[in-house]
Amino acid sequence: MANINKTSGKVLTAQVAGAGFAGLTAAIALRQNGWDVTLHEKDSELRAFGAGIYLWHNGLRVLEGVDALNDVLEGTHTPPAYETWMQNKSVSKETFNGLPWRIMTRSHLHNALVKRAHEVGVNVCVNSEAVAADAEGRLTLASGEVLEADLIVGADGVGSKVRDSMGFKQDRWVSTDGIIRLIVPRLKDQLGEGEWDNTIDMWNFEPRVQRILYSPCNDKELYLGLMAPAADPRGSRVPLDLEVWVEMFPFLEPCLAEAAKLEKARYDNYATTKLDTWVKGKVALVGDSAHAMCPALAQGAGCAMVNAFSLSQDLSEHSSVEDGLTSWEQRMRPMTDRCQALSGDYAANRALSKGNMFTNAALEAARYDPLRRVFSWPQQ
Ligand SMILES: Cc1cc2nc3c(=O)[nH]c(=O)nc-3n(C[C@H](O)[C@H](O)[C@H](O)COP(=O)(O)OP(=O)(O)OC[C@H]3O[C@@H](n4cnc5c(N)ncnc54)[C@H](O)[C@@H]3O)c2cc1C
């Protein structure tokens, strides 16, 4: 059913900048609530960046809410345990008290959301870069076109032009560690004995700081996150410096050899962005444009999707867009801020290396159910 602007009597319109996980989720959820939605992607095609991704109960519930869950579940994996190793010895195995979680390739998740956006009738424009917005509800494109809407959503990622054009006050910092992320063939049979269906978070502090997050996505694909300090020229080198990684993790040599063949690999630092507010007038920022966070808790996309989905809930409960956005930020921000802060702490202190670090506080965002708006799942 169409959602009508009470003053003009017309269907409510939204212009969404950025077709990542946040923008796609916001666009689908608004469209499902009867909005007329246009989604702008600056690239020439809709595609995911990066390698693999962990989605937890909160993100999976969003997928249920936008009717994309079944497509996503097929071809993804829930490991029997999240295992932590220190110097190649197991220190803990966590199962999160049965809390649902999944690992998948980013393209798998992105494709499912793109498919759903088309199904519900989101108007998708590629080669359409947003360069500015204003609080009265105008979005300016690189082409010079100015579009008016009841709502503007800035989902244009960590380098958001929507945000930067509007003078949001921000703190931004980059951590000392970074990561090379890759998808390689599983090659489970070539790895010798071991519980290779688990996630294995392999930390080594001697003789150098190097970590591999070993994450099976399905029977065929393995997501490898190879972490090293930015100051380490060999650990941060791309394409991969095979010798330096095999020396530390010899049992993974078959997978690392595949990883070293990937020319397009990138080394990324972890970025954090904290804003004074996510909302100005008719403009809302969602996802990394509002709250980029360190990946220690693997919640950046989860929080982005929850907040993008929740936006349409608050808007449907208020007669003015401005009031809906204010209520949305008040509702969603505290949990997001706590998750961002703890994730930043964990990354700065390399806390996950201790094992058993997915405490109740660390799983708070994961336990949130955006459909019922409660924290489900018993505490540990
Ligand atoms: C190493 C690492 C590991 C991570 N692992 C996880 C994990 O396991 N689980 C998890 O939940 N999160 C994880 N995250 C976080 C997650 O990747 C991000 O939080 C999430 O992808 C943000 O989505 P987004 O849609 O806000 O932004 P983006 O993914 O950056 O999407 C922005 C989109 O907007 C487009 N765009 C940019 N500028 C413009 C413009 N001006 N006009 C129009 N379009 C534009 C871009 O091309 C892109 O398509 C990880 C992050 C890192 C760095």
Side-chain angles (χ1 to χ4, degrees), residues 15-27 38-60 62-63 76 82 101-106 109-110 113-114 124-133 139-143 147 152-165 174-175 177-182 199 201 211 213 215 217 223-227 266-273 278 284-308 336 339-340 343 347 365-366:
Q15 301 287 341
V16 181
F21 300 129
L24 282 162
T25 306
T38 304
L39 177 61
H40 302 270
E41 169 56 48
K42 73 170 179 176
D43 279 350
S44 57
E45 53 182 316
L46 300 186
R47 65 194 153 105
F49 298 92
I53 191 154
Y54 286 60
L55 270 199
W56 301 80
H57 164 256
N58 55 337
L60 295 170
V62 170
L63 291 174
T76 66
Y82 185 111
W101 61 299
R102 288 263 169 174
I103 307 176
M104 62 201 73
T105 64
R106 285 184 179 243
L109 175 59
H110 197 260
L113 288 171
V114 168
V124 179
C125 305
V126 292
N127 290 316
S128 188
E129 183 182 7
V131 291
L139 182 72
T140 305
L141 303 179
S143 63
L147 301 162
I152 305 291
V153 178
D156 46 346
V158 69
S160 170
K161 290 195 172 167
V162 170
R163 177 195 64 213
D164 293 348
S165 69
V174 176
S175 63
D177 291 335
I179 192 163
I180 303 165
R181 292 173 284 170
L182 306 149
T199 276
D201 195 356
R211 168 194 182 198
L213 185 61
S215 313
C217 296
Y223 166 34
L224 288 179
L226 294 93
M227 192 204 86
R266 261 185 13 201
Y267 175 87
D268 294 307
N269 282 103
Y270 311 150
T272 300
T273 312
W278 297 348
L285 301 176
V286 295
D288 277 7
S289 64
H291 51 69
M293 61 178 81
C294 286
L297 297 178
Q299 270 295 343
C303 287
M305 290 167 64
V306 165
N307 294 341
T336 311
C339 185
Q340 184 188 47
S343 217

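Heads up: numbering here begins at 1 and tracks the sequence. Just so you know, ligand 1 is whichever comes first in the structure, and atom 1 is the first atom listed for that ligand.
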Mind checking whether A304 has an N or O less than 3.5 Å away from an N or O of ligand 1?
no
Closest non-hydrogen atom pair between G157 and R163, with its separation
O-NH1, 4.1 Å
Only heavy atoms of H40, strictly under 4.0 Å: list the atoms of ligand 1 that pass.
43 (C), 44 (N)
Any idea which heavy atoms bring T199 and S215 closest together, and the distance?
OG1-CA, 4.4 Å
Quick one: look up the protein heavy atom nearest atom 32 (C) of ligand 1 and list residue, atom name and how far away it is.
A155 O, 3.6 Å
Can you pull out the closest protein heavy atom to atom 41 (N) of ligand 1? Residue, atom name and distance to 0.1 Å, please.
A130 O, 2.8 Å
Any atom of ligand 1 sitting under 4.0 Å from a heavy atom of I53?
yes
Nearest protein heavy atom to atom 35 (C) of ligand 1, by residue and atom, and its distance?
E41 OE1, 3.3 Å
Are the side chains of L55 and L63 in touch, meaning some heavy atoms are under 4.5 Å apart?
yes
Electrostatic pair D156:K161 at N-O distance under 4.0 angstrom:
no
Any non-hydrogen side-chain atom of L213 less than 4.5 Å from a side-chain atom of Y54?
yes
Using side-chain heavy atoms (C-beta onward) and a distance below 4.5 Å, is V126 in contact with S44?
no
Mind checking the NE2-CD1 spacing from H40 to I152? Nearest 0.5 Å is all I need.
7.5 Å
Is there a donor-acceptor pair closer than 3.5 Å between any side-chain N or O of R181 and the backbone N or O of A51?
no
Which one holds for I179 and ligand 1: side chain close, backbone close, both close, or neither close, with close meaning a heavy atom under 4.0 Å?
side chain
Among K42, R47, R106, Q299, the residue with a heavy atom nearest to atom 4 (C) of ligand 1 is R106
Nearest non-hydrogen protein atom to atom 31 (O) of ligand 1, with distance, is G20 CA, 3.5 Å
Give the atoms of ligand 1, by number and element, whose distance to some non-hydrogen atom of G18 is under 4.0 Å.
33 (C), 34 (O), 35 (C), 43 (C), 44 (N)
Just say parallel, tilted or perpendicular for the rings of Y82 and W101, cut-offs at 30° and 60°.
tilted
Where is the nearest protein heavy atom to atom 52 (C) of ligand 1: which residue, which atom, and how far?
R181 NH1, 3.5 Å
Is the backbone N or O of A19 less than 3.5 Å from a side-chain atom of H110, with the two atoms forming a donor-acceptor pair by type?
yes
When you look for heavy atoms under 4.0 Å from ligand 1, do you find them on the side chain of M293, its backbone, both, or neither?
neither
N/O separation below 3.5 Å, A298 to ligand 1:
yes
Taking non-hydrogen atoms only, is E129 closer than 4.0 angstrom to ligand 1 via side chain, backbone, both or neither?
both
Is there a donor-acceptor contact under 3.5 Å linking the side chains of Y270 and S343?
no
Is the closest N or O pair between Y54 and ligand 1 shorter than 3.5 Å?
yes
Distance to 0.1 Å, residue and atom name: give those for the protein heavy atom nearest to atom 30 (O) of ligand 1.
G157 CA, 3.7 Å
Going from OG on S128 to CG on D43, what distance comes out if it is rounded to the nearest 0.5 angstrom?
11.5 Å
Could you tell me whether some N/O pair between A301 and ligand 1 is separated by less than 3.5 angstrom?
yes
Is there a polar contact, in the sense of an N or O pair closer than 3.5 Å, between Y223 and ligand 1?
no
Could you list the atoms of ligand 1 found under 4.0 angstrom from a heavy atom of G300?
10 (C), 11 (O), 12 (N), 15 (C), 19 (O)
Min side-chain heavy-atom separation T272-S175 under 4.5 Å:
no
Indicate yes or no for a side-chain donor-acceptor contact from Q340 to the backbone of A292 under 3.5 Å, with no hydrogens or angles considered.
yes
Heavy-atom gap M305 to ligand 1 smaller than 4.0 Å:
no
Checking a contact table here: which protein heavy atom is nearest atom 25 (O) of ligand 1, and how many Å away?
A22 N, 3.0 Å
Kindly confirm or rule out an N or O of G302 lying under 3.5 angstrom from an N or O of ligand 1.
yes
Protein residue, atom and distance nearest to atom 39 (C) of ligand 1, heavy-atom basis
D156 CB, 3.4 Å
Ligand-residue contact atoms, ligand 1 with G287, heavy atoms, under 4.0 Å:
26 (O)
Would you say S128 contacts ligand 1, with heavy atoms under 4.0 Å as the rule?
yes
May I have the step-by-step check of side chain to side chain contact (heavy atoms under 4.5 Å, CB included) for V153 and V162, ending in yes or no?
CA-CA 8 Å; V153 178; V162 170; over 6 Å; no
With heavy atoms and a 4.0 Å threshold, my read on which part of S289 contacts ligand 1 is neither
